[in-house]
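Presented below is the structure to which this report refers.
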Amino acid sequence: MSTQQILLEAHAVAKHFGGVKALHDVSLTIRRGEIYGLIGPNGAGKTTFFNCLTGLYRNESGHFVFDGTRLAADAPHKAAEVGIARTFQNIRLFGNMTALENVMVGRHLRTRAGVLGAITRNSTTRAEEAAITRRAEELLHYVGIYERAHDYAKNLSYGDQRRLEIARALATEPKLLALDEPAAGMNGTETDALRVLVEGICRDGVTVLLIEHDVKLVMGLCGRVAVLDYGEKICEDVPAVVQRDPRVIEAYLGGSLA
């Protein structure tokens with residue numbers, strides 16, 4: 001595979017919590033422009049992998065290479081700066097801010113006005129603020145909740161809060177969008193709409209890394225899937241192969257993934 005096709009490489013990443021090996025020598029490769037799924041039973045290490053990738057945790061060993069450069073993201077803002085954005089399994093919005101304001105916060109990373117500009121309110125700062133507002137409005141349109149722009153985030157429906165988190169993540173202009181169980185708590189209609197949204201995000205040039213318990217959604221949405229079990233990668237392939245793998249079926253308590 002050409003190095004130009006590769007966006008993210010994980011090389012033997014390990015993370016321990018005391019004597020518990022949350023991740024053990026996990027290696028995988030994500031190509032530019034794909035939707036890549038990461039699945040596994042509860043406690044398999046999926047969110048721990050996200051947390052290591054995005055700087056919330058420091059892995060004991062191994063490393064990531066992102067966009068051709070070894071990733072030194074030991075804090076979330078550093079991961080965001082290089083182009084990795086994420087959402088969370090448990091929604092983390094500013095509840096007492098409007099939907100529009102939440103997305104505007106996501107644009108902070110790509111702004112230039114400093115303390116002096118905020119104090120003087122010069123023309124450059126005002127123009128930048130106007131551009132931030134326009135972009136935030138565009139992203140609310142994009143995810144389908146523009147009509148709720150001026151509602152407090154805490155007053156949005158669960159599905160709309162999920163969409164707002166995605167809009168805020170997209171506001172950072174990511175190359176890789178890591179979604180941690182975005183369909184959790186959604187009904188069938190909301191899940192179908194989420195599928196369309198994620199496909200659109202990928203078509204528009206953002207690579208997607210997806211953790212999701214809805215295996216049907218993953219198998220229908222992702223080009224390739226990796227499966228973790230007890231912190232180890234047990235399978236990585238196209239969905240049709242993964243769902244027939246005996247190790248994967250055993251990891252899911254003997255059930256079928258078809």
Side-chain angles (χ1 to χ4, degrees), residues 30 33-47 49-50 85-93 95 99 102-103 138-149 151-171 174 176-204 206-229 235-245 248-258:
I30 298 177
E34 75 173 332
I35 304 174
Y36 185 99
L38 188 62
I39 66 172
N42 287 331
K46 305 181 298 296
T47 296
F49 182 87
F50 265 33
R86 71 168 295 179
T87 63
F88 292 86
Q89 183 175 348
N90 298 312
I91 294 173
R92 298 186 185 182
L93 294 170
N102 268 272
V103 182
E138 289 170 358
L139 287 168
L140 289 174
H141 271 297
Y142 186 80
V143 302
I145 57 170
Y146 177 73
E147 70 280 0
R148 307 300 303 274
D151 292 347
Y152 288 125
K154 66 183 179 182
N155 293 333
L156 301 183
S157 69
Y158 191 82
D160 284 352
Q161 288 184 7
R162 289 282 182 192
R163 287 174 171 271
L164 178 56
E165 261 207 324
I166 292 173
R168 186 177 62 182
L170 290 173
L176 176 69
L177 177 61
L179 302 175
D180 194 349
E181 297 193 31
M186 288 187 174
N187 59 37
T189 300
E190 290 171 330
T191 299
D192 288 343
L194 175 68
R195 180 200 304 270
V196 172
L197 174 60
V198 174
E199 289 173 338
I201 290 169
C202 189
R203 281 197 306 272
D204 290 336
V206 180
T207 303
V208 177
L209 170 58
L210 175 68
I211 289 177
E212 185 53 62
H213 274 299
D214 186 336
V215 175
K216 182 179 179 181
L217 175 64
V218 171
M219 296 301 176
L221 185 58
C222 298
R224 292 186 303 134
V225 178
V227 185
L228 298 183
D229 190 30
C235 184
E236 180 186 29
D237 214 314
V238 297
V241 174
V242 168
Q243 62 189 349
R244 294 196 304 267
D245 189 291
V248 176
I249 295 172
E250 182 180 357
Y252 278 88
L253 303 179
S256 172
L257 296 180

Measuring only between side-chain heavy atoms, which start at C-beta, is L140 closer than 4.5 Å to L164?
yes

Just wondering, do R203 and E199 contact through their side chains at under 4.5 Å, heavy atoms?
yes

Run the side-chain contact (heavy atoms from CB on, under 4.5 Å) check on Y158 and I91 step by step: do they pass?
CA-CA 9 Å; Y158 191 82; I91 294 173; 3.8 Å; yes

Do side-chain atoms of R163 reach the backbone of V143 as a donor and acceptor pair under 3.5 angstrom?
yes

Hey, is the main chain of V227 close enough, under 3.5 Å, to the side chain of K46 for a donor-acceptor pair?
no

Minimum-distance pair of heavy atoms, taken over all atoms of [X] and [Y]:
X: T87; Y: A169; value: CG2-CB, 4.4 Å
X: P41; Y: A251; value: CG-O, 3.2 Å
X: C235; Y: V242; value: SG-CG2, 3.8 Å

Distance from [X] atom [atom1] to [Y] atom [atom2], nearest 0.5 Å?
X: D160; Y: L93; atom1: CG; atom2: CG; answer: 11.0 Å
X: E147; Y: H141; atom1: CD; atom2: NE2; answer: 9.0 Å
X: Q161; Y: I145; atom1: CD; atom2: CD1; answer: 9.5 Å
X: I201; Y: L179; atom1: CD1; atom2: CG; answer: 6.5 Å

Should the heavy atoms of other residues, nucleotides or ligands under 6.0 Å from OH of Y152 be counted, would the total exceed 12?
no

Only residue of F50, F88, F49 satisfying side chain to side chain contact (heavy atoms under 4.5 Å, CB included) with D180 is F50

Side-chain donor-acceptor distances from residues 33-40 under 3.5 Å, at least two apart:
residue : atom : partner : partner atom : Å
E34     : OE1  : R224    : NE           : 3.2
E34     : OE2  : R31     : N            : 2.7
E34     : OE2  : R224    : NH2          : 2.6
Y36     : OH   : E236    : OE2          : 2.5

Show which side-chain atoms of residues 188-198 pair as donor or acceptor with protein atoms under 3.5 Å away, not counting sequence neighbours.
residue : atom : partner : partner atom : Å
E190    : OE1  : N187    : N            : 3.0
T191    : OG1  : N187    : O            : 3.0

Show me the side-chain donor-acceptor pairs of residues 211-222 shorter than 3.5 Å, one per line, residues at least two apart or across chains.
residue : atom : partner : partner atom : Å
E212    : OE1  : A183    : N            : 3.0
E212    : OE2  : D214    : N            : 3.2
H213    : NE2  : N42     : OD1          : 2.9
H213    : NE2  : E181    : OE2          : 3.3
D214    : OD1  : K216    : N            : 3.3
D214    : OD1  : L217    : N            : 3.0

